[in-house]
Amino acid sequence: MARVHSLAPGGVRDQWQEPQRKKFYQDVNISQREDGLFEINLDRRKLKTPGGKLFTVPNEALAVAVATEWDVQKDTLKFYTMNLTTLCNTALDNPTQRDKEQIIAAALKFLETDTICYRVEEPPGLVELQTNEWDPVLNWVEKRYNVIIGSSSSIMGPQITEETKDTFRQHLGSYNFWALTGLEFVITQLKSLVLSFALVDRHLTVEQAVLLSRLEEEYQIQRWGNVEWAHDYDMYELRARTAAGTLFVHLSSESSSVKRKLLQD
Amino acid sequence: MAAVSSPLRVCRGILKELRALKGPEYKRTLAYNYVLDQFRKNQVSSERYCRAQKEALHSSQSYLCLLASSRCHVALHKLYHGKGERGPDEVADIVGLRLPTQPGGKGWEK
């Protein structure tokens with residue numbers, strides 16, 4: 001039985017300290033069941049979640065991507081490189097036992113302290129950078145969702161109206177449970193609901209969203225210099241996780257399987 | 001605002017990453033065949049602005065980003081954080097000292 005970790009509290013960090021698990025399989029394959037779901041096979045064994053459930057994914061793209069995460073492992077299994085597998089495990093096991101409403105509420109909470117709505121008043125270089133880089137994205141999201149969010153340099157942050165919250169609540173509600181799990185993950189990584197929506201709506205690429213999320217760090221790096229083992233390390237980790245989350249949202253949304261059908265007809 | 005990278009570049013990028021991960025065997029992986037297949041399928045579209053194409057391109061860019069940044073992350077981890085702690089004799093050796101040996105073992109050890 002293959003056990004990996006999910007996003008339960010402490011789940012991701014624990015992986016660094018864990019004793020290494022040896023790679024116990026040679027071949028990785030996927031198979032489709034009668035109900036359309038896909039399974040991952042490690043040699044002759046079927047992959048299971050940490051909770052003991054059979055590991056199933058809704059479409060081929062996700063199955064291939066997860067299988068690849070397992071296939072590229074070398075002598076020891078590095079679970080921290082298997083972001084898609086981890087997300088699937090979280091969606092399947094739901095270790096924090098939350099329903100859609102609770103996840104949506106958690107996601108909405110981020111709006112009150114959204115990174116791109118929280119502005120500094122100095123130094124002028126950073127103020128200008130925030131205005132030039134964040135305002136366009138904020139405006140785009142406001143226009144697209146027909147909401148007013150605004151930004152603020154007060155310690156209280158932006159004042160989000162109930163209507164704005166309701167609008168976003170509705171949109172979040174339109175995602176299925178899997179996609180929502182991915183979306184909430186992206187929001188917690190980028191520390192911004194606005195950036196996450198811009199990314200998931202494909203207005204930004206992952207690299208752009210990460211850059212915007214780390215704007216202040218990038219500004220400081222420009223001024224004070226880069227420290228590879230900290231700055232680059234954090235950036236690549238954030239990129240990998242955000243990319244995984246974004247891909248997870250897109251692949252989990254029903255439209256991706258429907259579209260494939262239309263193309264084949 | 002999303003950067004428009006050509007599908008060809010993204011496809012090549014993904015295949016390069018797969019080769020970096022799997023070595024010469026990479027052409028036989030599930031991912032290699034699936035990715036190539038998807039890029040071929042998405043090439044054909046009669047509309048000038050095909051939403052499905054744009055969406056597929058964004059997803060493939062995300063996947064490329066995932067592969068590339070994971071690789072860089074692991075490389076940096078190995079470089080800076082992979083060594084773990086040194087044992088006490090190694091630490092002593094750095095400053096040219098040696099740990100004392102106690103043939104009877106330390107008092108509290110069994």
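Chain naming here is simple, since letters A, B, ... match the order of the sequence lines and numbering starts at 1 in each.
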Assess whether atom CD of A:Glu128 is packed by more than 12 heavy atoms of other residues, nucleotides or ligands within 6.0 Å.
no
Just checking A:Arg33: does its CZ atom have more than 12 heavy atoms from other residues, nucleotides or ligands closer to it than 6.0 angstrom?
yes
Between B:His58 and A:His250, the two heavy atoms sitting closest are ND1-CE1, 3.6 Å
Rounded distance [0.5 Å steps], OG in B:Ser60 versus CG in A:Leu247:
9.5 Å
From A:Met82 atom CE to B:Ser70 atom OG, the distance as rounded to the nearest 0.5 Å:
11.5 Å
After noting the C-alpha distance and the side-chain angles of A:Arg241 and B:Ser69, does the key distance pass the side-chain contact (heavy atoms from CB on, under 4.5 Å) rule?
CA-CA 9 Å; A:Arg241 291 198 181 155; B:Ser69 46; over 6 Å; no
Side-chain contact test, heavy atoms from C-beta onward, threshold under 4.5 Å: evaluate it for B:Leu79 versus A:Glu228 and give yes or no.
yes
So which part of A:Asn29 gets closer than 4.5 Å to some heavy atom of chain B, the side chain, the backbone, both or neither?
both
Can you tell if the side chain of B:Glu55 reaches within under 4.5 Å of the side chain of A:Arg202, non-hydrogen atoms only?
yes
Interchain contact, A:Ala198 with chain B, by part (heavy-atom threshold 4.5 Å)
neither
Ranking B:Leu66, B:Val74, B:Leu67, B:Asn33 by heavy-atom pairs under 4.5 Å to chain A gives rank one to B:Leu66
In this structure, are over 12 heavy atoms from other groups packed under 6.0 Å from A:Asn132 atom CG?
yes
Atom group of A:Val28 that falls short of 4.5 Å from chain B, counting heavy atoms
backbone
Within this structure, what is the NZ-NZ distance for the pair A:Lys78 and B:Lys78, rounded to the nearest 0.5 Å?
5.5 Å
So does A:Tyr233 get a backbone contact from the side chain of B:His77, meaning a donor-acceptor N/O pair under 3.5 Å?
no
Output the distance between atom OG (B:Ser62) and atom CZ (A:Phe248), rounded to the nearest 0.5 Å.
14.0 Å
Testing the basics here: between B:His81 and A:Trp229, what is the closest heavy-atom pair and its distance to 0.1 Å?
NE2-O, 3.5 Å
Between OG of B:Ser59 and CG of A:Leu251, what distance do you get to the nearest 0.5 Å?
6.0 Å
To the nearest 0.5 Å, tell me how far A:Thr81 OG1 sits from B:His73 NE2.
10.0 Å
Name the region of A:Ala244, side chain, backbone, both or neither, that has any atom closer than 4.5 Å to a heavy atom of chain B.
both
With a 4.5 Å heavy-atom cut-off (strictly below), which parts of residues 18-32 of chain B touch chain A? List them by number.
B:Leu18, B:Leu21, B:Lys22, B:Thr29, B:Leu30, B:Ala31
Atom CG of residue position A:Asp75 - does it have more than 12 heavy atoms of other residues, nucleotides or ligands inside 6.0 Å?
no
Side chain, backbone, both or neither: which part of A:Leu199 has a heavy atom under 4.5 Å from chain B?
both
